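Residue numbers count from 1 along this sequence. Computed from a prediction, not measured in an experiment: that's the story for all the values here.
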Amino acid sequence: MGLYGFVWVCMGCDSACLEDKYTCAGMNDGVEQVYVSTFYPEHTFSHRNPKNFCYIKDELQDLYRDIVTSFRYGLAIPTATAIRTLLEAICIDQGITDDVAWKFHIKIEKLNDIVKVPKSITEGLLTLKFMGDSAAHKLISPQRKDLSLAIDLLEALMLHLYEAKFDLESKSTQMHKSYK
């Protein structure tokens, strides 16, 4: 077994990391020895930590965390399809089921009527639908920057629909009680 340690220093920003690299007998690809590396601290350029939402259902929170995890691992197609899935789950949670609208793009447009999401926002959400459709049906891998922006948009939507609404209702109730 071979165990090696390397210190890497960026020539641009002078940040450093440690690479633990190891191999053992039998770790080869038929031609050359295979090594496994672990970096400390973990690379942060691809990190995105999930936001903590307090007032959404566990199922939506779990799906959102799965999206962030798949994004962190660079899994573009699963991330895009899960983004589309979460958007549809949010529509259903807001009462926009198949009984209200059969097609998904109509569900998104119904967000205007039912929860008063502005038309400009639903246009952006429609883009998420198409991104997820392209990933699922055509295996088109979205660019990382587009996935990051899509996650930002979903986070803002969840903040608007769940967190801000609850906070506004809570503060309104507190205000009403204090002046009774």
Side-chain angles (χ1 to χ4, degrees), residues 39 42-180:
F39 293 91
E42 201 172 322
H43 293 288
T44 57
F45 66 88
S46 65
H47 276 211
R48 180 187 193 105
N49 293 319
K51 295 189 183 301
N52 293 316
F53 295 103
C54 299
Y55 306 108
I56 66 172
K57 292 180 179 177
D58 289 340
E59 297 84 9
L60 297 178
Q61 182 76 28
D62 291 344
L63 181 53
Y64 163 71
R65 289 184 183 282
D66 288 348
I67 289 168
V68 174
T69 301
S70 65
F71 176 79
R72 286 174 64 175
Y73 283 104
L75 305 172
I77 291 176
T79 302
T81 55
I83 286 170
R84 185 200 186 286
T85 302
L86 179 57
L87 181 55
E88 185 152 11
I90 289 169
C91 288
I92 291 168
D93 185 59
Q94 295 298 313
I96 308 169
T97 63
D98 288 343
D99 296 334
V100 175
W102 177 252
K103 297 195 180 263
F104 185 42
H105 71 277
I106 296 171
K107 287 180 184 176
I108 294 171
E109 290 169 358
K110 288 278 185 192
L111 286 170
N112 286 328
D113 306 330
I114 294 177
V115 293
K116 306 301 182 212
V117 171
K119 181 77 173 160
S120 60
I121 293 172
T122 56
E123 288 171 0
L125 296 174
L126 282 169
T127 304
L128 299 183
K129 176 212 178 298
F130 297 123
M131 177 190 292
D133 288 351
S134 294
H137 302 294
K138 299 176 185 170
L139 298 178
I140 295 174
S141 185
Q143 292 185 2
R144 185 166 187 78
K145 66 179 179 59
D146 294 333
L147 289 171
S148 183
L149 186 57
I151 294 170
D152 289 343
L153 179 57
L154 275 180
E155 288 171 345
L157 179 66
M158 291 188 297
L159 186 67
H160 173 77
L161 293 178
Y162 300 101
E163 303 298 304
K165 180 180 175 182
F166 182 84
D167 192 41
L168 182 61
E169 289 173 358
S170 173
K171 285 183 171 63
S172 178
T173 302
Q174 289 172 7
M175 192 67 170
H176 180 71
K177 286 180 181 178
S178 71
Y179 277 100
K180 265 190 158 182

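- The shortest distance between side-chain heavy atoms of Y162 and D93 falls below 4.5 Å.
- Looking at heavy atoms from C-beta onward, R84 lies out of side-chain contact with M131 at the 4.5 angstrom threshold.
- A cation-pi arrangement is present between R144 and F71 under the rule of less than 6.0 angstrom and at most 45 degrees off the ring axis.
- When all heavy atoms are compared, the tightest approach of S141 to I77 is CA-CG1, 4.0 Å.
- Listed here is the closest heavy atom pair of L86 and L154: CD2-CD1, 3.8 Å.
- Closest non-hydrogen pair, P142 versus A76, comes out as O-CB, 3.8 Å.
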- Message: Would Q61 and Y55 count as a side-chain hydrogen bond (donor to acceptor under 3.5 Å, both in side chains) here? Give the steps.
- Response: CA-CA 9 Å; Q61 182 76 28; Y55 306 108; over 6 Å; no

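- Heavy atoms of other residues, nucleotides or ligands lying less than 6.0 angstrom from NZ of K110 number 12 at most.
- Two residues are said to be in side-chain contact when any heavy atoms from C-beta on lie closer than 4.5 Å; E155 and Y64 meet this criterion.
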- Step-by-step salt bridge (Lys or Arg N to Asp or Glu O under 4.0 Å) determination, R48 to D152: CA-CA 11 Å; R48 180 187 193 105; D152 289 343; 2.2 Å; yes

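- For the atom pair I67 CD1 and T81 OG1, the distance stands at 8.5 Å (nearest 0.5 Å).
- Of all the heavy atoms in M158 and I56, the pair that sits closest is SD-CD1, 4.2 Å.
- Side-chain contact check for V115 versus H160: every heavy-atom pair is 4.5 Å or farther apart.
- In this structure, the side chains of C91 and L111 come closer than 4.5 Å at one or more pairs of heavy atoms.
- We find the CG-CD1 distance between D146 and I151 to be 11.0 Å, quoted to the nearest 0.5 Å.
- In this structure, CD in E163 is found 6.5 Å from CG in L159, a value given to the nearest 0.5 Å.
- Atoms CD1 and CD1, from I96 and I90 in turn, are 10.5 Å apart once rounded to the nearest 0.5 Å.
- Between L87 and K107, every side-chain heavy-atom pair lies at or beyond the 4.5 Å cut-off.
- Closest approach of V117 and I121 over heavy atoms only: CG1-CG2, 3.5 Å.
- Rounding to the nearest 0.5 Å places CG of N49 at 9.5 Å from CZ of R65.
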- Message: Please determine whether side chain to side chain contact (heavy atoms under 4.5 Å, CB included) holds for the pair K116 and N112, giving the CA-CA distance in whole Å, both sets of side-chain angles, and the decisive distance to 0.1 Å.
- Response: CA-CA 5 Å; K116 306 301 182 212; N112 286 328; over 6 Å; no

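- A distance of 9.0 Å separates NZ in K129 from OG in S134, rounded to the nearest 0.5 Å.
- Side-chain contact check for W102 versus I106: every heavy-atom pair is 4.5 Å or farther apart.
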- Between D62 and K57, is a salt bridge (Lys or Arg N to Asp or Glu O under 4.0 Å) present by the stated rule, with each step listed? CA-CA 9 Å; D62 291 344; K57 292 180 179 177; over 6 Å; no

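- Shown here for S70 and T79, the closest heavy-atom pair between the two residues is OG-OG1, 2.8 Å.
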